[in-house]
Enquirer: 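Pasting in a structure now, in C-alpha coordinates, and then I'll have a few things to ask.
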Amino acid sequence: VTTRGIEAPWVLTGLPHAEPIAEGALVLDAHKRLLDVGSASELKARHPDAAWSRENAILTPGLVNAHVHLELSALRGHTRSGGGFGPWV
(Lines give C-alpha, C1' and ligand atoms only; values in the text may rest on other atoms or scores of the structure.)
Protein backbone atom coordinates (compact mmCIF):
# COMPACT_ATOMS: atom_id res chain seq x y z
CA VAL A 1 0.00 0.00 0.00
CA THR A 2 1.51 3.29 -1.05
CA THR A 3 -1.22 5.62 0.19
CA ARG A 4 -2.86 6.00 3.58
CA GLY A 5 -6.25 7.53 4.27
CA ILE A 6 -7.22 8.94 7.64
CA GLU A 7 -10.80 9.91 8.41
CA ALA A 8 -12.01 11.88 11.43
CA PRO A 9 -15.11 13.63 12.76
CA TRP A 10 -13.59 17.00 11.80
CA VAL A 11 -10.83 18.15 9.45
CA LEU A 12 -9.47 21.72 9.49
CA THR A 13 -7.63 22.68 6.30
CA GLY A 14 -5.94 25.82 7.61
CA LEU A 15 -7.15 27.81 4.60
CA PRO A 16 -8.34 31.28 5.69
CA HIS A 17 -11.96 31.08 4.51
CA ALA A 18 -12.48 27.32 4.49
CA GLU A 19 -15.11 25.81 6.76
CA PRO A 20 -14.19 22.77 8.89
CA ILE A 21 -15.05 19.53 7.12
CA ALA A 22 -17.47 17.34 9.10
CA GLU A 23 -16.75 13.63 8.58
CA GLY A 24 -13.64 14.58 6.67
CA ALA A 25 -10.50 12.78 5.64
CA LEU A 26 -7.06 13.18 4.18
CA VAL A 27 -4.85 11.00 2.03
CA LEU A 28 -1.06 10.73 2.40
CA ASP A 29 1.47 9.24 0.00
CA ALA A 30 4.23 6.80 0.97
CA HIS A 31 6.40 9.75 2.10
CA LYS A 32 3.58 11.11 4.32
CA ARG A 33 2.94 14.05 1.99
CA LEU A 34 -0.62 15.27 1.71
CA LEU A 35 -2.29 14.20 -1.53
CA ASP A 36 -5.94 15.05 -0.96
CA VAL A 37 -8.35 16.43 1.64
CA GLY A 38 -12.14 16.51 1.69
CA SER A 39 -15.15 14.54 2.82
CA ALA A 40 -14.41 10.95 3.81
CA SER A 41 -16.97 9.51 1.40
CA GLU A 42 -15.53 11.41 -1.59
CA LEU A 43 -11.92 10.54 -0.75
CA LYS A 44 -12.69 6.85 -0.23
CA ALA A 45 -14.24 6.78 -3.70
CA ARG A 46 -11.24 8.62 -5.25
CA HIS A 47 -8.62 6.55 -3.39
CA PRO A 48 -10.06 3.02 -3.09
CA ASP A 49 -6.63 1.39 -2.75
CA ALA A 50 -5.55 3.48 0.26
CA ALA A 51 -5.21 1.85 3.66
CA TRP A 52 -7.93 3.59 5.70
CA SER A 53 -8.11 4.25 9.42
CA ARG A 54 -10.47 6.31 11.54
CA GLU A 55 -9.26 8.59 14.32
CA ASN A 56 -11.51 10.03 17.00
CA ALA A 57 -9.81 13.41 16.71
CA ILE A 58 -9.73 16.71 14.88
CA LEU A 59 -7.18 16.64 12.05
CA THR A 60 -5.37 19.95 11.60
CA PRO A 61 -2.32 21.22 9.74
CA GLY A 62 0.89 21.41 11.74
CA LEU A 63 1.14 24.58 13.80
CA VAL A 64 4.17 26.83 13.34
CA ASN A 65 5.21 29.68 15.63
CA ALA A 66 6.64 32.11 13.09
CA HIS A 67 6.43 35.41 14.91
CA VAL A 68 9.25 37.94 15.20
CA HIS A 69 10.07 40.82 17.51
CA LEU A 70 10.90 43.70 15.19
CA GLU A 71 11.34 46.01 18.18
CA LEU A 72 14.44 43.96 19.15
CA SER A 73 16.12 44.26 15.74
CA ALA A 74 17.73 47.56 16.82
CA LEU A 75 19.75 45.57 19.39
CA ARG A 76 21.85 43.80 16.74
CA GLY A 77 25.50 44.23 17.64
CA HIS A 78 24.69 45.67 21.09
CA THR A 79 24.36 42.38 23.00
CA ARG A 80 26.60 39.40 23.64
CA SER A 81 26.12 36.91 20.85
CA GLY A 82 26.61 33.20 20.64
CA GLY A 83 24.88 32.32 23.89
CA GLY A 84 21.33 32.19 22.61
CA PHE A 85 18.20 33.67 24.08
CA GLY A 86 18.48 32.09 27.57
CA PRO A 87 21.84 33.62 28.58
CA TRP A 88 20.86 36.92 26.98
CA VAL A 89 17.78 37.20 29.19
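Computation of the quantities below employed the complete heavy-atom set of this structure, encompassing side-chain atoms and omitting hydrogens, waters and symmetry-equivalent molecules.
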Enquirer: May I ask you to check whether over 12 heavy atoms, not counting those of Leu34, lie within 6.0 Å of atom CG?
Expert: yes
Enquirer: Count I, L, V, M, F, W, Y as connected when their side-chain heavy atoms are under 4.5 Å apart, and connections chain through other members. Are Trp52 and Leu59 then in the same cluster?
Expert: no
Enquirer: Indicate the atoms forming the closest heavy-atom contact of Ala50 with Gly5, along with that distance.
Expert: CB-N, 4.0 Å
Enquirer: Under a single-linkage definition using a 4.5 Å side-chain heavy-atom cutoff for Ile, Leu, Val, Met, Phe, Trp and Tyr, are Val37 and Ile6 assigned to the same hydrophobic cluster?
Expert: yes
Enquirer: Pro9 and Ala57: which non-hydrogen atoms are nearest, and at how many Å?
Expert: CD-O, 3.2 Å
Enquirer: At what distance, to the nearest 0.5 angstrom, does CG of Leu35 lie from CG of Leu28?
Expert: 7.0 Å
Enquirer: Specify the closest pair of heavy atoms between Ser53 and Arg4, including all atoms of both residues, with the distance to one decimal.
Expert: OG-NH2, 3.6 Å
Enquirer: Return the CD to CZ distance between Glu23 and Arg54, rounded to the nearest 0.5 Å.
Expert: 4.5 Å
Enquirer: Mind checking whether Leu12 and Leu43 sit in one hydrophobic cluster, side chains of I, L, V, M, F, W, Y counted as touching below 4.5 Å?
Expert: no
Enquirer: Where is the tightest heavy-atom contact between His47 and Asp36, given as atom of each residue plus distance?
Expert: NE2-OD2, 2.9 Å
Enquirer: Give, for atom NE2 of His31 and atom OG1 of Thr2, the distance between the pair rounded to the nearest 0.5 Å.
Expert: 9.5 Å
